[in-house]
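Worksheet: the structure to be examined is printed underneath.
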Protein chains: 2
Amino acid sequence: MNDGRTPGGQTLLFLTDEQLRKGIEAMFFAYRGFTADPDRILDEKGYGRAHHRAIHFISRSPGTTVNNLLSILGVTKQSLNRVLRTLVEDGLVESRVGTRDKRERHLFLTDVGEALERELSDAQRERMRVAYREAGPEAVQGFRAVLEAMMDPELRRLFNRLKDAGHE
Amino acid sequence: MNDGRTPGGQTLLFLTDEQLRKGIEAMFFAYRGFTADPDRILDEKGYGRAHHRAIHFISRSPGTTVNNLLSILGVTKQSLNRVLRTLVEDGLVESRVGTRDKRERHLFLTDVGEALERELSDAQRERMRVAYREAGPEAVQGFRAVLEAMMDPELRRLFNRLKDAGHE
DNA sequence: GATTTTATGTCAGTCTTGTTGACTTTCCAA
DNA sequence: TTGGAAAGTCAACAAGACTGACATAAAATC
(Lines give C-alpha, C1' and ligand atoms only; values in the text may rest on other atoms or scores of the structure.)
Protein backbone atom coordinates (compact mmCIF):
# COMPACT_ATOMS: atom_id res chain seq x y z
CA MET A 1 0.00 0.00 0.00
CA ASN A 2 1.02 3.57 -0.63
CA ASP A 3 2.49 4.98 2.55
CA GLY A 4 1.78 8.55 1.54
CA ARG A 5 5.38 9.77 1.35
CA THR A 6 6.68 11.44 -1.76
CA PRO A 7 10.33 10.90 -2.77
CA GLY A 8 11.08 14.27 -1.17
CA GLY A 9 9.77 12.98 2.15
CA GLN A 10 6.80 15.30 2.22
CA THR A 11 3.77 13.69 3.74
CA LEU A 12 0.80 13.43 1.42
CA LEU A 13 -2.20 11.23 1.47
CA PHE A 14 -3.25 9.50 -1.70
CA LEU A 15 -6.63 8.34 -0.64
CA THR A 16 -8.64 6.70 -3.32
CA ASP A 17 -12.35 6.24 -2.86
CA GLU A 18 -11.56 2.56 -2.75
CA GLN A 19 -9.25 2.97 0.25
CA LEU A 20 -11.75 5.14 2.06
CA ARG A 21 -14.49 2.60 1.43
CA LYS A 22 -12.29 -0.09 2.95
CA GLY A 23 -11.88 2.05 6.01
CA ILE A 24 -15.64 2.43 6.28
CA GLU A 25 -16.24 -1.29 5.98
CA ALA A 26 -13.46 -1.98 8.46
CA MET A 27 -15.24 0.24 10.99
CA PHE A 28 -18.48 -1.62 10.38
CA PHE A 29 -17.07 -5.11 10.83
CA ALA A 30 -14.76 -4.15 13.67
CA TYR A 31 -17.58 -2.59 15.64
CA ARG A 32 -19.45 -5.87 15.40
CA GLY A 33 -16.45 -7.64 16.92
CA PHE A 34 -16.09 -4.89 19.48
CA THR A 35 -19.59 -5.45 20.85
CA ALA A 36 -19.85 -9.21 20.29
CA ASP A 37 -18.44 -10.42 23.63
CA PRO A 38 -20.35 -8.04 25.92
CA ASP A 39 -23.51 -8.66 23.90
CA ARG A 40 -23.31 -12.36 24.66
CA ILE A 41 -22.89 -11.76 28.39
CA LEU A 42 -25.63 -9.13 28.49
CA ASP A 43 -28.02 -11.37 26.64
CA GLU A 44 -27.67 -14.11 29.25
CA LYS A 45 -28.67 -11.67 31.97
CA GLY A 46 -31.49 -10.04 30.06
CA TYR A 47 -29.75 -6.74 29.49
CA GLY A 48 -28.81 -4.88 26.33
CA ARG A 49 -26.19 -2.51 25.05
CA ALA A 50 -27.98 0.42 26.61
CA HIS A 51 -27.42 -1.11 30.04
CA HIS A 52 -23.79 -1.74 29.23
CA ARG A 53 -23.20 1.86 28.24
CA ALA A 54 -24.81 3.16 31.42
CA ILE A 55 -22.83 0.75 33.56
CA HIS A 56 -19.59 1.59 31.80
CA PHE A 57 -19.83 5.33 32.29
CA ILE A 58 -21.12 5.11 35.85
CA SER A 59 -18.15 2.91 36.63
CA ARG A 60 -15.90 5.42 34.92
CA SER A 61 -17.25 8.41 36.83
CA PRO A 62 -18.82 7.20 40.05
CA GLY A 63 -21.27 9.70 41.45
CA THR A 64 -22.02 11.20 38.06
CA THR A 65 -25.45 12.77 37.66
CA VAL A 66 -28.21 11.73 35.30
CA ASN A 67 -27.70 14.87 33.23
CA ASN A 68 -24.00 14.16 32.91
CA LEU A 69 -24.71 10.67 31.68
CA LEU A 70 -27.24 12.01 29.19
CA SER A 71 -24.72 14.26 27.51
CA ILE A 72 -22.21 11.42 27.31
CA LEU A 73 -24.63 8.86 25.94
CA GLY A 74 -26.51 11.17 23.63
CA VAL A 75 -29.95 9.72 24.25
CA THR A 76 -33.14 11.17 25.69
CA LYS A 77 -33.80 11.12 29.42
CA GLN A 78 -36.82 8.89 28.85
CA SER A 79 -34.64 6.35 27.17
CA LEU A 80 -31.92 6.51 29.80
CA ASN A 81 -34.47 6.49 32.59
CA ARG A 82 -35.92 3.19 31.47
CA VAL A 83 -32.49 1.61 31.61
CA LEU A 84 -31.52 3.18 34.92
CA ARG A 85 -34.78 2.17 36.51
CA THR A 86 -34.22 -1.51 35.78
CA LEU A 87 -30.61 -1.29 36.93
CA VAL A 88 -31.68 0.31 40.22
CA GLU A 89 -34.54 -2.18 40.68
CA ASP A 90 -32.14 -5.06 40.07
CA GLY A 91 -29.72 -3.64 42.60
CA LEU A 92 -26.83 -2.94 40.21
CA VAL A 93 -26.96 0.84 40.49
CA GLU A 94 -27.57 3.05 43.47
CA SER A 95 -29.10 6.48 42.99
CA ARG A 96 -28.34 8.94 45.81
CA VAL A 97 -29.97 12.32 46.17
CA GLY A 98 -27.38 15.10 45.93
CA THR A 99 -26.17 16.75 49.12
CA ARG A 100 -25.45 20.23 47.77
CA ASP A 101 -28.17 20.16 45.13
CA LYS A 102 -31.00 17.90 46.15
CA ARG A 103 -32.47 17.88 42.65
CA GLU A 104 -29.56 15.86 41.38
CA ARG A 105 -29.23 12.09 41.62
CA HIS A 106 -25.73 10.74 41.90
CA LEU A 107 -25.20 7.33 40.41
CA PHE A 108 -23.01 4.56 41.80
CA LEU A 109 -22.50 0.91 41.03
CA THR A 110 -23.29 -1.52 43.83
CA ASP A 111 -21.04 -4.51 44.40
CA VAL A 112 -23.27 -6.52 42.10
CA GLY A 113 -23.05 -3.77 39.50
CA GLU A 114 -19.27 -3.66 39.83
CA ALA A 115 -19.15 -7.39 39.30
CA LEU A 116 -21.09 -7.21 36.04
CA GLU A 117 -19.04 -4.22 34.92
CA ARG A 118 -15.88 -6.22 35.49
CA GLU A 119 -17.21 -9.21 33.61
CA LEU A 120 -18.19 -7.07 30.64
CA SER A 121 -15.09 -5.00 30.56
CA ASP A 122 -12.80 -8.01 31.04
CA ALA A 123 -14.24 -9.51 27.89
CA GLN A 124 -14.02 -6.31 25.92
CA ARG A 125 -10.54 -5.44 27.11
CA GLU A 126 -9.33 -8.90 26.25
CA ARG A 127 -10.54 -8.49 22.67
CA MET A 128 -8.80 -5.11 22.58
CA ARG A 129 -5.61 -6.47 24.06
CA VAL A 130 -5.38 -9.27 21.52
CA ALA A 131 -6.04 -6.87 18.65
CA TYR A 132 -3.42 -4.44 19.92
CA ARG A 133 -0.89 -7.19 20.31
CA GLU A 134 -1.48 -8.45 16.80
CA ALA A 135 -1.33 -4.99 15.26
CA GLY A 136 1.68 -3.77 17.22
CA PRO A 137 2.45 -0.66 19.25
CA GLU A 138 2.74 1.85 16.40
CA ALA A 139 -0.58 0.64 15.06
CA VAL A 140 -2.20 1.33 18.42
CA GLN A 141 -1.16 4.95 18.32
CA GLY A 142 -2.46 5.33 14.78
CA PHE A 143 -5.68 3.64 15.72
CA ARG A 144 -6.27 6.04 18.57
CA ALA A 145 -5.32 9.06 16.47
CA VAL A 146 -7.74 8.25 13.66
CA LEU A 147 -10.58 7.42 16.02
CA GLU A 148 -10.14 10.68 17.86
CA ALA A 149 -10.09 12.62 14.60
CA MET A 150 -13.32 10.95 13.56
CA MET A 151 -15.30 12.18 16.57
CA ASP A 152 -17.59 15.17 16.49
CA PRO A 153 -15.78 18.07 18.19
CA GLU A 154 -18.15 18.12 21.12
CA LEU A 155 -17.79 14.41 21.79
CA ARG A 156 -14.08 14.73 21.35
CA ARG A 157 -13.94 17.27 24.14
CA LEU A 158 -16.04 14.96 26.27
CA PHE A 159 -13.77 12.05 25.45
CA ASN A 160 -10.68 13.99 26.43
CA ARG A 161 -12.27 15.15 29.62
CA LEU A 162 -12.92 11.52 30.54
CA LYS A 163 -9.35 10.81 29.57
CA ASP A 164 -8.02 13.39 32.00
CA ALA A 165 -10.32 12.14 34.72
CA GLY A 166 -8.50 8.82 34.58
CA HIS A 167 -4.79 8.93 35.34
CA GLU A 168 -3.07 7.82 32.18
CA MET B 1 2.83 7.81 25.99
CA ASN B 2 4.77 4.61 26.13
CA ASP B 3 5.56 3.48 22.62
CA GLY B 4 6.08 -0.09 23.60
CA ARG B 5 9.76 -0.36 22.72
CA THR B 6 12.32 -1.42 25.24
CA PRO B 7 15.83 0.10 25.11
CA GLY B 8 16.92 -3.00 23.25
CA GLY B 9 14.35 -2.31 20.52
CA GLN B 10 12.24 -5.31 21.33
CA THR B 11 8.58 -4.65 20.82
CA LEU B 12 6.46 -5.07 23.89
CA LEU B 13 3.08 -3.73 24.76
CA PHE B 14 2.53 -2.20 28.15
CA LEU B 15 -1.19 -2.08 28.11
CA THR B 16 -2.72 -0.92 31.30
CA ASP B 17 -6.41 -1.42 31.89
CA GLU B 18 -6.60 2.34 31.69
CA GLN B 19 -5.20 2.40 28.16
CA LEU B 20 -7.49 -0.38 27.04
CA ARG B 21 -10.48 1.43 28.48
CA LYS B 22 -9.53 4.52 26.53
CA GLY B 23 -9.48 2.46 23.39
CA ILE B 24 -12.94 1.15 24.17
CA GLU B 25 -14.32 4.62 24.76
CA ALA B 26 -12.60 5.90 21.64
CA MET B 27 -14.40 3.22 19.62
CA PHE B 28 -17.69 4.22 21.17
CA PHE B 29 -17.38 7.94 20.48
CA ALA B 30 -15.77 7.50 17.08
CA TYR B 31 -18.53 5.22 15.89
CA ARG B 32 -21.01 7.95 16.75
CA GLY B 33 -19.10 10.34 14.52
CA PHE B 34 -18.75 7.69 11.88
CA THR B 35 -22.52 7.31 11.53
CA ALA B 36 -23.54 10.92 12.24
CA ASP B 37 -23.44 12.31 8.69
CA PRO B 38 -25.25 9.44 6.95
CA ASP B 39 -27.79 9.35 9.78
CA ARG B 40 -28.71 12.96 9.11
CA ILE B 41 -29.20 12.33 5.39
CA LEU B 42 -31.13 9.11 5.98
CA ASP B 43 -33.39 10.79 8.48
CA GLU B 44 -34.44 13.43 5.94
CA LYS B 45 -35.52 10.71 3.53
CA GLY B 46 -37.20 8.53 6.12
CA TYR B 47 -34.63 5.76 6.10
CA GLY B 48 -32.42 4.30 8.83
CA ARG B 49 -29.05 2.69 9.23
CA ALA B 50 -30.37 -0.66 8.14
CA HIS B 51 -31.23 0.83 4.75
CA HIS B 52 -27.79 2.37 4.50
CA ARG B 53 -26.07 -0.93 5.16
CA ALA B 54 -28.14 -2.72 2.54
CA ILE B 55 -27.51 0.02 -0.02
CA HIS B 56 -23.81 0.04 0.72
CA PHE B 57 -23.24 -3.66 0.22
CA ILE B 58 -25.52 -3.93 -2.81
CA SER B 59 -23.53 -1.12 -4.36
CA ARG B 60 -20.36 -2.96 -3.46
CA SER B 61 -21.44 -6.27 -4.97
CA PRO B 62 -24.14 -5.63 -7.56
CA GLY B 63 -26.20 -8.72 -8.26
CA THR B 64 -25.56 -10.18 -4.83
CA THR B 65 -28.26 -12.47 -3.44
CA VAL B 66 -30.32 -11.95 -0.32
CA ASN B 67 -28.50 -14.81 1.38
CA ASN B 68 -25.15 -13.27 0.58
CA LEU B 69 -26.25 -10.00 2.05
CA LEU B 70 -27.52 -11.80 5.15
CA SER B 71 -24.14 -13.28 5.95
CA ILE B 72 -22.51 -9.90 5.54
CA LEU B 73 -25.00 -7.96 7.62
CA GLY B 74 -25.50 -10.57 10.32
CA VAL B 75 -29.24 -10.08 10.76
CA THR B 76 -32.17 -12.40 10.15
CA LYS B 77 -33.61 -12.64 6.69
CA GLN B 78 -36.93 -11.35 7.97
CA SER B 79 -35.26 -8.21 9.23
CA LEU B 80 -33.39 -7.65 6.00
CA ASN B 81 -36.50 -8.41 3.99
CA ARG B 82 -38.45 -5.55 5.51
CA VAL B 83 -35.70 -3.12 4.59
CA LEU B 84 -35.32 -4.50 1.07
CA ARG B 85 -39.05 -4.39 0.49
CA THR B 86 -39.24 -0.66 1.19
CA LEU B 87 -36.18 -0.03 -0.96
CA VAL B 88 -37.72 -1.98 -3.84
CA GLU B 89 -41.10 -0.27 -3.39
CA ASP B 90 -39.40 3.12 -3.39
CA GLY B 91 -37.53 2.24 -6.56
CA LEU B 92 -34.01 2.32 -5.11
CA VAL B 93 -33.30 -1.38 -5.45
CA GLU B 94 -34.21 -3.83 -8.19
CA SER B 95 -34.69 -7.50 -7.28
CA ARG B 96 -34.30 -9.90 -10.20
CA VAL B 97 -35.22 -13.57 -10.01
CA GLY B 98 -32.15 -15.73 -10.56
CA THR B 99 -31.75 -17.33 -13.99
CA ARG B 100 -29.98 -20.52 -12.92
CA ASP B 101 -31.68 -20.80 -9.54
CA LYS B 102 -35.09 -19.22 -9.51
CA ARG B 103 -35.23 -19.25 -5.73
CA GLU B 104 -32.55 -16.59 -5.59
CA ARG B 105 -33.10 -12.87 -5.94
CA HIS B 106 -30.25 -10.82 -7.34
CA LEU B 107 -30.10 -7.26 -6.03
CA PHE B 108 -29.12 -4.14 -7.94
CA LEU B 109 -29.30 -0.42 -7.24
CA THR B 110 -31.40 1.63 -9.63
CA ASP B 111 -30.18 5.06 -10.73
CA VAL B 112 -32.09 6.57 -7.84
CA GLY B 113 -30.50 4.05 -5.49
CA GLU B 114 -27.06 4.84 -6.88
CA ALA B 115 -27.70 8.52 -6.29
CA LEU B 116 -28.54 8.01 -2.62
CA GLU B 117 -25.60 5.67 -2.21
CA ARG B 118 -23.31 8.36 -3.58
CA GLU B 119 -24.76 11.01 -1.32
CA LEU B 120 -24.32 8.82 1.76
CA SER B 121 -20.89 7.58 0.91
CA ASP B 122 -19.66 11.04 -0.09
CA ALA B 123 -20.52 12.27 3.37
CA GLN B 124 -18.97 9.30 5.13
CA ARG B 125 -15.84 9.28 3.00
CA GLU B 126 -15.36 12.97 3.62
CA ARG B 127 -15.40 12.41 7.38
CA MET B 128 -12.93 9.57 6.90
CA ARG B 129 -10.69 11.62 4.64
CA VAL B 130 -10.50 14.50 7.11
CA ALA B 131 -9.73 12.13 9.97
CA TYR B 132 -7.04 10.37 7.94
CA ARG B 133 -5.48 13.67 6.96
CA GLU B 134 -5.38 14.87 10.55
CA ALA B 135 -3.94 11.61 11.86
CA GLY B 136 -1.37 11.11 9.12
CA PRO B 137 -0.44 8.22 6.83
CA GLU B 138 1.22 5.95 9.38
CA ALA B 139 -1.79 6.33 11.62
CA VAL B 140 -4.05 5.15 8.81
CA GLN B 141 -2.17 1.90 8.50
CA GLY B 142 -2.30 1.34 12.23
CA PHE B 143 -5.98 2.15 12.30
CA ARG B 144 -6.73 -0.45 9.66
CA ALA B 145 -4.51 -3.05 11.29
CA VAL B 146 -6.18 -2.77 14.70
CA LEU B 147 -9.68 -2.75 13.23
CA GLU B 148 -8.96 -5.87 11.24
CA ALA B 149 -7.53 -7.60 14.29
CA MET B 150 -10.67 -6.74 16.22
CA MET B 151 -13.02 -8.53 13.85
CA ASP B 152 -14.38 -12.01 14.45
CA PRO B 153 -12.44 -14.43 12.23
CA GLU B 154 -15.42 -15.18 10.05
CA LEU B 155 -16.20 -11.53 9.45
CA ARG B 156 -12.56 -10.89 8.84
CA ARG B 157 -12.54 -13.41 6.03
CA LEU B 158 -15.66 -11.79 4.64
CA PHE B 159 -14.05 -8.37 4.90
CA ASN B 160 -10.98 -9.50 3.03
CA ARG B 161 -13.05 -11.16 0.37
CA LEU B 162 -14.82 -7.85 -0.20
CA LYS B 163 -11.44 -6.22 -0.24
CA ASP B 164 -10.25 -8.48 -3.06
CA ALA B 165 -13.50 -7.96 -4.93
CA GLY B 166 -12.65 -4.27 -5.21
CA HIS B 167 -9.43 -3.42 -7.08
CA GLU B 168 -7.24 -1.76 -4.50
C1' DG C 1 -42.00 36.02 48.84
C1' DA C 2 -43.36 35.01 44.16
C1' DT C 3 -41.81 33.45 39.83
C1' DT C 4 -38.90 31.10 36.78
C1' DT C 5 -35.56 27.77 35.70
C1' DT C 6 -33.32 23.38 36.39
C1' DA C 7 -32.99 18.36 37.36
C1' DT C 8 -35.31 14.47 37.35
C1' DG C 9 -39.00 11.23 36.68
C1' DT C 10 -43.25 9.42 34.39
C1' DC C 11 -47.00 8.30 31.06
C1' DA C 12 -48.45 7.58 26.44
C1' DG C 13 -47.60 6.80 21.76
C1' DT C 14 -44.61 6.12 17.65
C1' DC C 15 -40.67 4.35 14.84
C1' DT C 16 -36.73 1.46 13.53
C1' DT C 17 -34.83 -2.70 13.64
C1' DG C 18 -34.06 -6.65 15.64
C1' DT C 19 -36.35 -11.36 16.91
C1' DT C 20 -39.23 -16.13 16.18
C1' DG C 21 -42.68 -18.89 13.88
C1' DA C 22 -45.29 -20.31 9.99
C1' DC C 23 -45.64 -20.42 5.10
C1' DT C 24 -44.63 -20.79 -0.28
C1' DT C 25 -41.81 -21.72 -4.03
C1' DT C 26 -38.06 -23.90 -5.99
C1' DC C 27 -34.38 -27.09 -6.33
C1' DC C 28 -32.11 -31.44 -5.75
C1' DA C 29 -31.21 -36.03 -4.49
C1' DA C 30 -32.63 -40.59 -2.80
C1' DT D 1 -41.55 -38.81 -7.66
C1' DT D 2 -41.43 -37.56 -3.42
C1' DG D 3 -39.40 -35.59 0.56
C1' DG D 4 -36.15 -32.53 2.44
C1' DA D 5 -33.40 -28.41 2.13
C1' DA D 6 -32.82 -23.72 0.63
C1' DA D 7 -34.42 -18.97 -0.59
C1' DG D 8 -37.52 -15.82 0.28
C1' DT D 9 -42.08 -13.67 2.25
C1' DC D 10 -45.67 -12.53 5.75
C1' DA D 11 -47.22 -11.81 10.61
C1' DA D 12 -46.59 -10.80 15.22
C1' DC D 13 -43.76 -9.35 18.91
C1' DA D 14 -39.77 -7.00 21.74
C1' DA D 15 -36.00 -3.78 22.67
C1' DG D 16 -34.72 0.58 22.60
C1' DA D 17 -34.66 4.71 20.45
C1' DC D 18 -37.81 8.97 19.79
C1' DT D 19 -41.40 13.04 20.81
C1' DG D 20 -44.63 15.44 23.64
C1' DA D 21 -47.00 16.46 27.80
C1' DC D 22 -46.95 16.73 32.51
C1' DA D 23 -45.41 16.38 37.76
C1' DT D 24 -42.39 17.40 41.48
C1' DA D 25 -38.92 19.30 44.01
C1' DA D 26 -35.22 22.38 44.58
C1' DA D 27 -32.53 26.18 43.23
C1' DA D 28 -32.02 30.66 41.33
C1' DT D 29 -33.74 35.05 40.28
C1' DC D 30 -36.59 38.97 40.37
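Here is the naming used below: chain letters follow the sequence lines, and residue numbers restart at 1 for every chain. Source: prediction; values computed, not measured.
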Per-pair distances, 0.1 Å, donor-acceptor, side chain in residues 79-92 of chain B, under 3.5 Å, sequence neighbours excluded:
| unit_1 | atom_1 | unit_2 | atom_2 | d |
| --- | --- | --- | --- | --- |
| Thr86(B) | OG1 | His51(B) | NE2 | 3.3 |
| Thr86(B) | OG1 | Val83(B) | O | 2.9 |
| Asp90(B) | OD2 | Tyr47(B) | OH | 2.4 |

Less than 3.5 Å apart, which donor and acceptor atoms pair up between the side chains of residues 111-119 of chain A and the rest of the protein, not counting sequence neighbours?
| unit_1 | atom_1 | unit_2 | atom_2 | d |
| --- | --- | --- | --- | --- |
| Glu117(A) | OE2 | Arg21(B) | NH1 | 3.1 |
| Glu119(A) | OE1 | Lys45(A) | NZ | 3.2 |

Closest-nucleotide ordering on DNA chain D, the 5'-leading residue of Tyr47(A) and Arg103(A): Tyr47(A)
Thr76(A) side-chain N/O to dA17(D) phosphate OP1/OP2 under 4.0 Å: no
side-chain N/O Arg100(B) vs dC28(C) OP1/OP2, d < 4.0 Å: no
Separation of atom NZ in Lys45(B) from atom P in dT16(C), rounded to whole Å: 16 Å
N or O in side chain of His51(B) less than 4.0 angstrom from dT16(C) OP1/OP2: no
N-O pairing of Arg144(A) and Glu148(A) below 4.0 Å: no
For atom CG of Asp90(B) and atom P of dT16(C), their distance in whole Å: 12 Å
Residues Glu94(A) and His106(A): side-chain donor-acceptor under 3.5 angstrom: no
SB check Arg40(B) Asp37(B) (cutoff 4.0 Å): yes
Partners passing salt bridge (charged side-chain N to carboxylate O under 4.0 Å, His left out) against Arg105(B) (at least two apart in sequence or in another chain): none
Atom-pair distance (CZ on Arg49(A); P on dG16(D)), nearest Å: 10 Å
Sugar-phosphate only, base, or nothing, as touched by His106(A) at under 4.0 Å among non-hydrogen atoms: nothing
Sugar-phosphate only, base, or nothing, as touched by Gly74(A) at under 4.0 Å among non-hydrogen atoms: sugar-phosphate
Salt-bridge present (Arg129(A), Glu126(A); N to O < 4.0 Å): yes
Contact list for DNA chain C against residues 77-88 of chain A - heavy-atom distance below 4.0 Å: Lys77(A), Gln78(A), Asn81(A), Arg85(A)
Residue mapping more 5' on DNA chain D - nearest nucleotide basis, Asp101(A) or Val75(A): Val75(A)
Nucleic acid contacts - residues 64-73 of chain A versus DNA chain C, non-hydrogen atoms under 4.0 Å: Thr65(A), Val66(A), Asn67(A)
Gap between atoms NZ and P, on Lys102(B) and dT9(D) respectively (whole Å): 17 Å
Lys102(B) to Val97(B) - nearest heavy-atom pair and separation: O-CG1, 3.5 Å
Nearest-angstrom distance from the residue atom CZ of Arg105(B) to P of dC10(D): 10 Å
Value in whole Å for how far the P atom of dT19(C) lies from CG of Asp39(A): 11 Å
Pairwise ring-ring contact (aromatic ring centres under 6.0 Å, His included) hits with a residue in residues 134-154 of chain A, at least two apart: Tyr132(A)-Phe143(A)
